[in-house]
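Since the model is a prediction, treat every value here as computed from it, not as a measurement.
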Amino acid sequence: MSLYVSFRYSQSLTLPQWAVGQSDLYTLTIIMGVIFGCLHWLSNLISEVTFIRRMPYVFIVLFKGIFLLIGATFIAYLSQMLTMWALSNHVLSLRQMLTMQIIYSPSFQGLIVYLVFVRIGIAFIEQMVLLVGRRVLLNIGLGHYHRPCYENRIFLFVDMTASTAHAESLGDYRFSRLIQDSFEVLSSVAAKHDAEIYRYMGDAAIISWPLEDGLEDQRCLRLYFDFIQQLNWHRRSFESHYGFVPRFKAAAHCGQVVVAVVGVNKQEISYFSDVLNTLARLQDQCGPLGQKMLISGDLEKQIEKTQDLHIEELGPIMLKGKKNPIEVFGVSSN
């Protein structure tokens, strides 16, 4: 708002008709900034907690722009009604009458149109962030990883148990809704732990952190247990819609990977390393070992031990496709 008002009137030698003094411009900046900031926040809140979040992206973007327009129009008419009431009761001074004429001026109407288009642009960027991820969008936009580079990262593989049986009992449509609802919970938990959802693969997801971020406060372990807890808190909703609460198993591993942007017409950031292959094989051992979560010895060495998470050594295990056995540990919540 401040930039728009400054740009709009910086080259003018005279103030707009509705402004009596320079202070009116500053008043406009503050008041309109607060009003449109609140409308921006409210449109995001409504689109996140209502059925609108499941609507097509184009509809969500237009909804946010139209919401801002309707909100601004409502406030303008409310201001007009208050002004008429104040005039009829001899409350306003002449200076205040001139200031309130802002809603009739072409410059103010141009400001509203400008802000609506800006809001639509911001809404589009917000939806792109939800679609591809904040980090992916930012790094592709800045040109990072166009040349492959090395990074040390932690990966968490989360997979639904008994997914084939669930798909057969629910049918394709209801099973896909189950996946949507489950991963909606996972997304909120991942955001809480500052994690990046690298990829969804059917009923599984791969989550990633830079090594230091994932080790901080045991995020790479706690995310899984917080996710299970959140699913249990939504037990009533899952049982009413699907008849059960979905269960997930997980595995975590760390190591050096090569990061690069791949693709031309559709680009994404991909990780290349045996770390991901080992992670997938490790996750396959959850069932045979009777564990909900497994971690590799490489990760266990770097994790800070706490009382609320129990890490149990399961010994060296030969994973499918590997030449040498790796140390495997089971993790449970006390």
Side-chain angles (χ1 to χ4, degrees), residues 44-60 63 126-134 136 155-209 219-252 268 276 279-295 330-333:
N44 280 344
L45 180 64
I46 292 174
S47 62
E48 289 175 2
V49 302
T50 65
F51 68 95
I52 293 176
R53 71 179 188 277
R54 293 284 177 86
M55 300 296 288
Y57 279 8
V58 172
F59 178 87
I60 296 176
F63 163 78
E126 291 171 344
Q127 295 307 124
M128 290 301 100
V129 168
L130 293 177
L131 181 64
V132 302
R134 180 178 65 244
V136 173
F155 293 91
L156 176 66
F157 192 117
V158 180
D159 187 27
M160 180 182 290
T161 60
S163 58
T164 302
H166 294 331
E168 291 177 352
S169 62
L170 295 175
D172 292 341
Y173 179 80
R174 292 184 64 202
F175 180 70
S176 66
R177 293 303 298 264
L178 172 65
I179 297 299
Q180 282 185 319
D181 292 340
S182 300
F183 285 166
E184 183 176 335
V185 175
L186 178 63
S187 296
S188 63
V189 176
K192 174 184 174 183
H193 289 274
D194 198 25
E196 304 162 7
I197 297 181
Y198 166 48
R199 184 168 292 169
Y200 293 109
M201 301 179 298
D203 59 346
I206 298 180
I207 302 165
S208 176
W209 296 263
R219 287 172 173 169
C220 57
L221 306 183
R222 296 186 183 279
L223 184 150
Y224 169 72
F225 294 104
D226 285 353
F227 174 46
I228 299 303
Q229 185 180 59
Q230 288 290 331
L231 290 176
N232 288 326
W233 283 351
H234 290 80
R235 174 180 297 274
R236 181 175 299 179
S237 174
F238 279 106
E239 289 182 343
S240 64
H241 287 89
Y242 310 108
F244 61 91
V245 178
R247 298 181 181 275
F248 287 81
K249 54 188 176 180
E268 68 174 12
L276 293 173
L279 177 69
R281 302 293 182 236
L282 182 62
Q283 189 271 336
D284 290 338
Q285 295 299 314
C286 286
L289 296 175
Q291 297 288 328
K292 295 181 179 179
M293 183 176 193
L294 296 175
I295 62 173
V331 184
S332 59
S333 178

Would you say the side-chain atoms of Tyr242 and Ser237 include a donor-acceptor pair closer than 3.5 Å?
no
Measure the spacing between CD1 of Ile207 and CD of Glu196 and express it to the nearest 0.5 Å.
11.0 Å
What are the two closest non-hydrogen atoms of Tyr200 and Ala205, and how far apart are they?
CD2-CB, 3.8 Å
Looking at NZ of Lys249 and CG of Asp284, how far apart are the two atoms once the value is rounded to the nearest 0.5 Å?
6.5 Å
For Tyr198, is there any backbone N or O sitting under 3.5 Å from a side-chain donor or acceptor partner on Ser208?
no
Can you see which heavy atom on Gln291 is nearest to which on Val331, and at what distance?
OE1-N, 4.2 Å
Going from CE on Met293 to CZ on Phe248, what distance comes out if it is rounded to the nearest 0.5 angstrom?
14.0 Å
Beyond-backbone contact of Ser182 with Met160, side-chain heavy atoms, under 4.5 angstrom
yes
Which atom pair, heavy atoms only, marks the closest approach of Lys292 to Cys286?
O-SG, 4.1 Å
When rounded to the nearest 0.5 angstrom, what distance separates OG in Ser333 from CZ in Phe225?
5.5 Å
Checking side-chain contact (heavy atoms from CB on, under 4.5 Å) between Asp226 and each of Val189, Leu186, Val185, which is the one that passes?
Val189
Ring centre gap for Phe244 and Phe238 strictly below 6.0 Å:
no
List the atom of Ala195, the atom of Leu223, and the distance in Å for their closest heavy-atom pair.
CB-CD1, 3.8 Å
Candidate pair His193 and Tyr224, rule side-chain contact (heavy atoms from CB on, under 4.5 Å), full reasoning:
CA-CA 10 Å; His193 289 274; Tyr224 169 72; over 6 Å; no
Please check this pair: side chain of Arg174 against backbone of His241, looking for a donor-acceptor N/O pair closer than 3.5 Å.
yes
About how many Å separate CD1 of Ile197 and OG of Ser187, when rounded to the nearest 0.5 Å?
4.0 Å
Between atom CD1 of Ile179 and atom OG of Ser163, what is the distance when rounded to the nearest 0.5 Å?
7.0 Å
Is the number of heavy atoms from other residues, nucleotides or ligands under 6.0 Å of Asn232 CG greater than 12?
yes
Smallest separation among heavy atoms of Phe157 and Gln283, with atom names:
CD2-CG, 3.6 Å
Can you name the closest pair of heavy atoms from Leu156 and Ala252 and give their distance?
CD1-CB, 4.0 Å
